[in-house]
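Step one of this worksheet: look at the structure below.
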Amino acid sequence: MAQEGNGVGEHYAAKGLVQRMRTALAALGSEDRLLTTRELGAMDQFHTRGHAATAELAELAAIEATDRVLDLGCGIGGPARLIAESRGCRVTGVDLSEGFVEAARYLSQRTGLQERVEFHVGSALALDFADASFDVVLLQHVAMNIADRSRLYREIRRLLVAGGRFGTYDVVRGEGEPLYPAPWARDARDSFLLDAQATLEAVEAAGLRVRAWHDDTPAARNWAAQRKAAASGSRPPAPGLGVVMGPDFPVQAGNHARNLLEGRVGVLMAVFEAAFEAALEAV
Ligand SMILES: C[S@@+](CC[C@H](N)C(=O)[O-])C[C@H]1O[C@@H](n2cnc3c(N)ncnc32)[C@H](O)[C@@H]1O
């Protein structure tokens, strides 16, 4: 399967992740106690505004129990589990990182959701699924790692049934250069941000029509400000993304907060609908 540059793979390599999780999660009780998606939320929702953003995207995309949902760049599976649990559907996750997919399967066992979700290693740019395999495709904080947006959005369109929905929640370019390392890239070589307008144009060019559009930047800025304030408090944090990304994570998270607060990046939440075939042929 085609992949982005090695830097992205290295950034998310996650060696020994399941063992690190076992150690961190021991603080929440023995291995045989089922964990809740809420308890894992600080660790397994790898995007701005965590749990809340996933729930809002699922609502905006009107996901129903009968929908076949694909989460592209699923990370360690937090969004897939939350959506399967809260919307009653089945979710398939795909991610480049073998370590993340292994961790996603492990956490699904720990939450008892393993029958509702499945995870595969693969690239969002070239998937083995047949055309029109899904009613909904989701992409949360992944597009910024992908240079070839045209290919990405065309692949998403291919996987959707006519009338299916594509929900995206991604970091977009703002004013000025982002600071690195960021949570998604150690340096600018693995970061491929587009601004919101260019994102809209790239998605529409693939045969997807905008259905809901929400500039999430103000909410993201509030979240960043609250996290900065909380970081200076004394309460020990729940197992968080530091377990996944290692000791540099506080620096990455601090830069993400600054990037948001200084307007260097924004955040876009949007849902698109796959055009019917007649319209697609004109693309
Ligand atoms: C910031 S994390 C977001 C994870 C997840 N969507 C979430 O919100 O919790 C970005 C994820 O995208 C994955 N990724 C990056 N490029 C990819 C590609 N070309 N195909 C599949 N996954 C990709 C990374 O491995 C990583 O797990």
Side-chain angles (χ1 to χ4, degrees), residues 1-15 17 37 40-58 69-84 91-105 107-108 117 119-129 137-156 159 166-171 178 180-186 189-193 216 220 240-246 249 252-253 255-256 259 265 267-269:
M1 286 195 173
Q3 307 208 334
E4 291 294 312
N6 280 341
V8 174
E10 267 168 40
H11 182 63
Y12 297 115
K15 295 217 168 55
L17 178 55
T37 49
L40 291 181
M43 189 171 74
D44 72 0
Q45 301 281 332
F46 194 170
H47 52 259
T48 312
R49 297 203 304 108
H51 236 172
T54 299
E56 288 165 28
L57 183 64
V69 179
L70 174 65
D71 188 19
L72 275 185
C74 61
I76 59 174
R81 281 185 293 277
L82 180 61
I83 287 170
V91 183
T92 301
V94 171
D95 201 280
L96 264 189
S97 164
E98 281 179 33
F100 279 10
V101 166
E102 191 192 353
R105 291 176 182 149
L107 292 178
S108 301
V117 288
F119 298 100
H120 306 278
V121 177
S123 167
L125 296 178
L127 292 155
D128 293 333
F129 303 111
V137 177
L138 300 175
L139 188 76
Q140 290 198 87
H141 282 45
V142 181
M144 63 258 204
N145 280 131
I146 297 184
D148 192 345
R149 294 296 185 92
S150 164
R151 184 165 166 188
L152 170 69
Y153 298 130
R154 275 189 281 115
E155 183 65 348
I156 289 169
L159 295 170
F166 164 48
T168 183
Y169 181 60
D170 249 294
V171 178
Y180 297 98
W184 67 91
R186 280 182 207 154
R189 282 173 299 181
D190 293 321
S191 181
F192 306 100
L193 297 175
D216 202 54
L241 278 162
V243 176
V244 181
M245 296 303 286
F249 189 71
Q252 298 168 13
N255 281 339
H256 186 41
N259 287 334
V265 302
V267 182
L268 168 68
M269 184 179 285

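Keep in mind it's a predicted model, so treat the numbers as computed, not measured. Atoms within each ligand, like the ligands themselves, are counted from 1 in listed order.
- When each atom of ligand 1 is checked for a heavy atom of His141 under 4.0 Å away, the hits are 1 (C), 2 (S), 3 (C), 10 (C).
- Within the set Asn145, Asp190, Asp148, the minimum heavy-atom distance to atom 15 (C) of ligand 1 is found for Asn145.
- Checked by distance only, ligand 1 and Gln45 stay at 3.5 Å or farther apart across all their nitrogen or oxygen atoms.
- Side chain of Arg81 to main chain of Ile76: a donor-acceptor pair is present (N/O by atom type, distance under 3.5 Å, no hydrogens or angles).
- Between Leu72 and ligand 1, not a single N/O pair is under 3.5 Å apart.
- The backbone N or O of Cys74 sits less than 3.5 Å from a side-chain atom of Asp95, completing a donor-acceptor pair.
- Residue Leu96 places at least one N or O, backbone or side chain, under 3.5 Å from an N or O of ligand 1.
- Using a 4.5 Å heavy-atom threshold, the side chains of Leu193 and Pro178 count as touching.
- The proximity of Pro183 to ligand 1, defined as any non-hydrogen pair under 4.0 Å, does not occur for either the backbone or the side chain.
- Less than 4.0 angstrom separates some heavy atom of Asp44 from each of these atoms of ligand 1: 9 (O).
- In terms of modelled atom types and a separation under 3.5 Å, the side chain of Gln140 and the main chain of Tyr169 share no donor-acceptor contact.
- For the pair Gly78 and ligand 1, no heavy-atom separation below 4.0 Å is found.
- Among His47, Met43, Glu98, the residue whose heavy atom lies closest to atom 8 (O) of ligand 1 is His47.
- A donor atom on one side chain and an acceptor atom on the other are found under 3.5 Å apart for Tyr12 and Asn145.
- Close approach of ligand 1 to Cys74 (heavy-atom distance below 4.0 Å) involves ligand atoms 5 (C).
- In terms of modelled atom types and a separation under 3.5 Å, the side chain of Asp170 and the main chain of Leu268 share no donor-acceptor contact.
- Between Phe46 and ligand 1, a contact under 3.5 Å exists for at least one N or O pair.
- Every atom of ligand 1 with a heavy atom of Gly75 under 4.0 Å away is listed here by number and element: 4 (C), 5 (C), 27 (O).
- Residue Gly122 places a heavy atom less than 4.0 Å from ligand 1.
- Close approach of ligand 1 to Pro79 is summarised as follows: ligand atoms under 4.0 Å from at least one heavy atom of the residue are 7 (C), 8 (O), 9 (O).
- Residue-ligand proximity: Trp184 is placed with every non-hydrogen atom at 4.0 Å or more from ligand 1.
- For Ile146, every heavy-atom contact with ligand 1 shorter than 4.0 Å involves the side chain, none the backbone.
- Residue Ser123 has at least one heavy-atom neighbour below 4.0 Å for each of these atoms of ligand 1: 19 (N), 20 (N).
- Side-chain N or O atoms of His11 include one that pairs as donor or acceptor with a backbone N or O of Pro183 at under 3.5 Å.
- In this structure, Leu138 does not count as a contact residue of ligand 1, since none of its heavy atoms falls inside 4.0 Å of the ligand.
- Ring-plane geometry between Phe129 and His120 is classed as perpendicular, the angle between the planes exceeding 60 degrees on a 0 to 90 degree scale with a lower cut at 30.
- Checking only distances, Gln140 does come within under 3.5 Å of ligand 1, N or O to N or O.
- At least one donor-acceptor pair under 3.5 Å links the side chain of Glu155 to the backbone N or O of Leu127.
- A donor and an acceptor atom, one from each side chain of His256 and Thr48, are located under 3.5 Å apart.
- Using modelled atom types, one side-chain atom of Asn255 and one backbone atom of Pro181 make a donor-acceptor pair closer than 3.5 Å.
- Heavy-atom contacts from other residues, nucleotides or ligands closer than 6.0 Å to CD of Glu56 number more than 12.
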